[in-house]
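Just so you know, these numbers use all the heavy atoms, side chains as well, and skip hydrogens, waters and symmetry mates. Naming convention: chains lettered A, B, ... in sequence-line order (proteins, then strands); numbering from 1 in each chain.
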Amino acid sequence: MAAAPGGSAPPAGPGPRLGFSTADSGVGMSGLNPGPAVPMKDHDAIKLFVGQIPRGLDEQDLKPLFEEFGRIYELTVLKDRLTGLHKGCAFLTYCARDSALKAQSALHEQKTLPGMNRPIQVKPAASEGRGEDRKLFVGMLGKQQGEEDVRRLFQPFGHIEECTVLRSPDGTSKGCAFVKFGSQGEAQAAIQSLHGSRTMAGASSSLVVKLADTDRERALRRMQQMAGQLGALQPAPLPLGACGAYTTAILQHQAALLAAAQGPGLGPVAAVAAQMQHVAAFSLIAAPLLPAAANSPQGGGPSTLPGLPAPIGVNGFGPLTPQTNGQPGSDSLYNNGLSPYPAQSPGVADPLQQAYAGMHHYAGPEGCNLFIYHLPQEFGDAELIQTFLPFGAVVSAKVFVDRATNQSKCFGFVSFDNPTSAQTAIQAMNGFQIGMKRLKVQLKRPKDANRPY
DNA sequence: TGTTATT
């Protein structure tokens, strides 16, 4: 024992004598540990949790006990952050994965250290994860990249247990993959180094490397999609009271809380309820905030609105909220008598209903789709709907968002179900001043068109 | 100038 060679420091002389209550079977004489002073650990090494350790034993005391099963990479007794008191347990990582497995099977629940009532615990630390924490989702791959390419990319970070590129039924790559590492540490290292680090050929954005969804997250995702479908097909007839963006924000917050609060074991029904509440909140956004009876001078045009006081604050949607429900003209977005909106013709189906009727369609027919630039930074899809809903049935509205920052790119698309509405919207809204900006509203460029403007 | 995908 006294001659532990190599990097393993010999246990300090006096210290508590180490032994198991069952049998003392020559612990500590096995390992010659030649090699570098700084040990290397295998990529697939396992971090072990060791419990039921007598408080009197420190790392040096414990070392010989565990060295029987192989070279130790790291051994740390857990201490209270504040008091520094020994917590009766430790983390142990062997250089070799195999050593950890041997130690676990030989020691876990098998022996009891002196002075303890319960047998020692030796098992993978919780931080090692039980599968999900070692599995990565990889996005923004090139469509032509296969398993081999992905493996090449991730192989430097550890032992890859699985590597699968997701493909459509016809075999073409969906541009994403799953990679499972031997340990959580390897997975985290890969995330650290690779996420956002490069853009693969043919990808629209930089590489995505993150933990794969858990089963629960996957189920939630599915339900979100289903709820979305339901909402698009059957817009709930909601009371359109005085509910503006602020109310919406509260509802969304509540929905988020509900979703976050669903701990393990929450049934699918409650999850759906949370999702449906979210859908309801979204529906409320569409409460028309615009003056229904505001007869605007159509001939004037937006360019005749110089010096318009900013109707929309840069820090929120305060002015967007209808403060007097149903009272045309007053306290509305356009309290200057220069609203660009045409009167809503009676007899036309509720535009709200129409707006949602086909909302899952991205684009309408040619000539129905608008490209809108110079949107206020805080404009989202909902505000875009609100702004263009008076001109006709909005089939879709989408503000582009930078995926990395979640910030609006200040442009978006609105589609109507007919070209006349689109033209009316252009006439009324192109050049319209909001805050410091003037909207640019024009027909969306067809995919194949080559004109810059 | 319609984006990013979850076995």
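Of the listed nucleotides (B:dT6, B:dT4, B:dG2), B:dT6 has the atom at the smallest distance from the side chain of A:D213. The side chain of A:F400 lies closest to B:dG2 when the candidates are B:dT1, B:dG2, B:dT7. Counting only heavy atoms from C-beta on, A:V208 has its side chain closest to B:dA5 among B:dT7, B:dG2, B:dA5.
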Determine, stepwise, if the pair A:L384 / A:F413 fulfils side-chain contact (heavy atoms from CB on, under 4.5 Å). CA-CA 9 Å; A:L384 202 55; A:F413 300 92; over 6 Å; no

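Under a cutoff of 6.0 Å and an axis angle of 45°, A:K47 and A:F91 form a cation-pi pair.
Note on A:S204: a base of the nucleic acid sits closer than 4.0 angstrom, heavy atoms only. Nucleic acid contact class of A:K409 (heavy atoms, under 4.0 Å, all strands): none. Using a 4.0 Å heavy-atom cutoff across all strands shown, A:E162 reaches at least one base atom of the nucleic acid.
When the P atom of B:dG2 is taken as reference, atom CZ of A:F388 falls 17 Å away, rounded to whole Å. Rounded to whole Å, the distance from CZ on A:F137 to P on B:dT6 is 7 Å. For the pair A:R134 CZ and B:dT6 P, the computed distance is 23 Å after rounding to whole Å. What separates CG of A:L211 from P of B:dA5 is a distance of 19 Å, to the nearest Å. As a whole-Å value, the separation of A:D381 CG from B:dT3 C1' is 13 Å. Spacing between atom CZ of A:F411 and atom C1' of B:dG2 amounts to 9 Å, rounded to whole angstrom units. Counting to the nearest Å, the C1' atom of B:dT3 and the CD atom of A:Q407 are 17 Å from each other. Summarising the geometry, the separation between CG on A:L166 and C1' on B:dT4 is reported as 13 Å, rounded to the nearest angstrom.
Put simply, A:F413 does not rest on the base of B:dT1: the two rings are not both less than 5.5 Å apart at their centres and under 30° in tilt. Here A:F178 does not lie in a stacked arrangement on the base of B:dT6, lacking the combination of planes under 30° and ring centres under 5.5 Å apart.
Counting atom types as modelled, A:K174 pairs no side-chain N or O with a base atom of B:dT6 as donor and acceptor under 3.5 Å.
For A:Q192, the CD atom sits in a loose shell: 12 or fewer heavy atoms of surrounding residues, nucleotides or ligands are nearer than 6.0 Å.
Screening A:R221, A:K135, A:R218 for a side-chain hydrogen bond (donor to acceptor under 3.5 Å, both in side chains) involving A:D213 leaves a single residue, A:R221.
Between the side chains of A:T214 and A:E217, at least one donor-acceptor pair of N or O atoms lies under 3.5 Å.
The phosphate of B:dG2 (OP1 or OP2) has a side-chain N or O of A:K444 nearer than 4.0 angstrom.
For A:S205 and A:R222, each mapped to the nucleotide of DNA chain B holding its nearest heavy atom, the one lying further toward the 5' end belongs to A:S205. Of the two residues contacting DNA chain B, namely A:K143 and A:R218, the nearest-nucleotide position lying further toward the 5' end is that of A:K143.
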